Amino acid sequence: MSFEDLHKATAQALTKAVDELVAEFEVTPAKLDELTAYFIEQMEKGLKPTADKATDLGLPMIPSYVTGIPNGTEKGVLLAADLGGTNFRVCSVELNGDHTYNMEQMKAKIPDELLDDDTATSEQLFGFLARRTLAFMKKFHPEILEQGDAAKPVKLGFTFSYPVDQTSLNSGTLIRWTKGFKIPDTVGKDVVELYQTALKKAGLPMVNVVALTNDTVGTLLSHGYTSDNTDSMTTGEISEPIIGCIFGTGTNGCYMEEIEKITKLPEDLKKKLLAQGKTHMIINTEWGSFDNELKHLPATKYDIAIDKASANPGFHLFEKRVSGMYLGEVLRCVLVDLYKRGLIFSQYRSEKQLPHRLQTEFELDSEVLSHIEIDDSTGLRETELSLLQSLRLPTSPSERIEIQKLVRAISRRSAYLAAVPIAAIIIKTGVLNKRYHGEVEVGCDGSVIEYYPGFRSMLRHALAISPLGAEGERKVHLKLAKDGSGTGAALCALVA
Ligand code: BGC
């Protein structure tokens, strides 16, 4: 065989292998039906009491103790703090009562030794949060520091975007970490108590953590506050927000559920709320943990390997197929596998010679995939540069064609799976049939839904081929709702 023939044969073998993988990543309409039905079943199960939340593999369905959605007339100045996957942010939010707000904020990167190290302690983490809160107060609210005392506290809403077993509006124990955090001694502890104690220690007894909220709940609340439905009211197309969701580093969603149906809530609390005229409560589904038993989710060997090597094996399996933290890692695992099968990057004689970054877990960011996804340059030159820059990985034009196919298959699977919980919640709540014209708003936030090219339209397409159907899909309005973890947490603190 000539060198040219050999080259052609390898290229053909690569194409064949990639086409097979692309087929494996496909989510068919039948799969969407199956997953949506199972999601509804799991939601119903999750609303019932759970024996052991730490080991339960079902959908957590956590009551948020928030019973209403703001309408934009709320007023007040409140503090908010937000512990995300990479940053910690402190803000003060002034709600103007006309759907608008002003915000001052300070952001700090979470030090690596707190994020990646399982020898770090809760005291260190919450000590860091308290010191950053103090720095914010010194800069933006020195007057509160000077005159404030514990007798005249200022309210703070704490956005903590990890699964907590919430027991009231301002208490909840961490069930488990997700998105990379590992600190073992925080698990099982009340995160409000930890933060409040650290604030006192740091000289901030006047800051009172009155509300604990998930970022999805914040997104739903902030969407309710900022969206002005006056226009749609005059046209008769009233749509109300009922779902808040995040597609970013992690993924999750919350929705308004009828209190009567939340059987896991204590009976006396339910009675009390109903007597107050409260009919609904926001449920944080923690849908990242959908189908941890892998009864229906697609599972390639790459998904299995990524889960095994993760900080929370066996949990958040839906998130590991959908969220931004994992998209690049799936592609990296596929590429290493294709190399091991002798189908790609044949310039490297042994695995050890592969660029170090290609061998490093989580080194391939989903942002790189977003460049490859829409690359239409000659010879996929953008892709070439992106891979060189991010992984120091040279590629041939034919390899790049295959890599682009893989990227598109991975992102499409993510967006199609993302449609499942949205369709399921809409069907379960029957919201499309309840309202005039049945319009529904979904407040969304997160880097993937905001920036990943085509993600939203792929998600919409999946909704149309899901059990919702094309007619249902047209009534669903996916709206970007920015900064739920700031404004939303402040709104939560306001009602506390
Ligand atoms: C967490 C959720 C959070 C989501 C989005 C997930 O890993 O478990 O609580 O809402 O990420 O930030």
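On a predicted model such as this, the values are computed, not experimentally measured, just so you know. Just so you know, ligand 1 is whichever comes first in the structure, and atom 1 is the first atom listed for that ligand. We use all heavy atoms of the structure for the numbers below, so side chains are in, but hydrogens, waters and symmetry mates are not.
Salt bridge annotation for Asp268-Lys272: absent, with no cationic side-chain nitrogen under 4.0 angstrom from a carboxylate oxygen.
Relative ring orientation between Tyr38 and His296 is described as tilted, the plane-to-plane angle lying within the 30° to 60° band. The aromatic rings of Phe25 and Tyr302 lie parallel to each other, with less than 30° between the two planes, well short of the 60° mark.
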Atom pairs and distances, side-chain donor-acceptor, residues 485-496, under 3.5 Å, sequence neighbours left out:
from	atom 1	to	atom 2	distance (Å)
Ser485	OG	Asp82	OD2	3.0
Ser485	OG	Arg89	NH2	3.3
Thr487	OG1	Asp483	O	3.0

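For residues 255-265, the set of pairs meeting the salt bridge (Lys or Arg N to Asp or Glu O under 4.0 Å) definition, not counting sequence neighbours, comprises Glu257-Lys428, Glu258-Lys261, Glu258-Lys434.
Using a 4.0 Å heavy-atom criterion, the residues that approach ligand 1 are Ser161, Tyr162, Pro163, Thr178, Lys179, Asn214, Asp215, Thr216, Ile246, Gly250, Thr251, Asn252, Glu286, His316, Glu319.
With sequence neighbours left out, Glu26 forms a side chain to side chain contact (heavy atoms under 4.5 Å, CB included) with Thr28.
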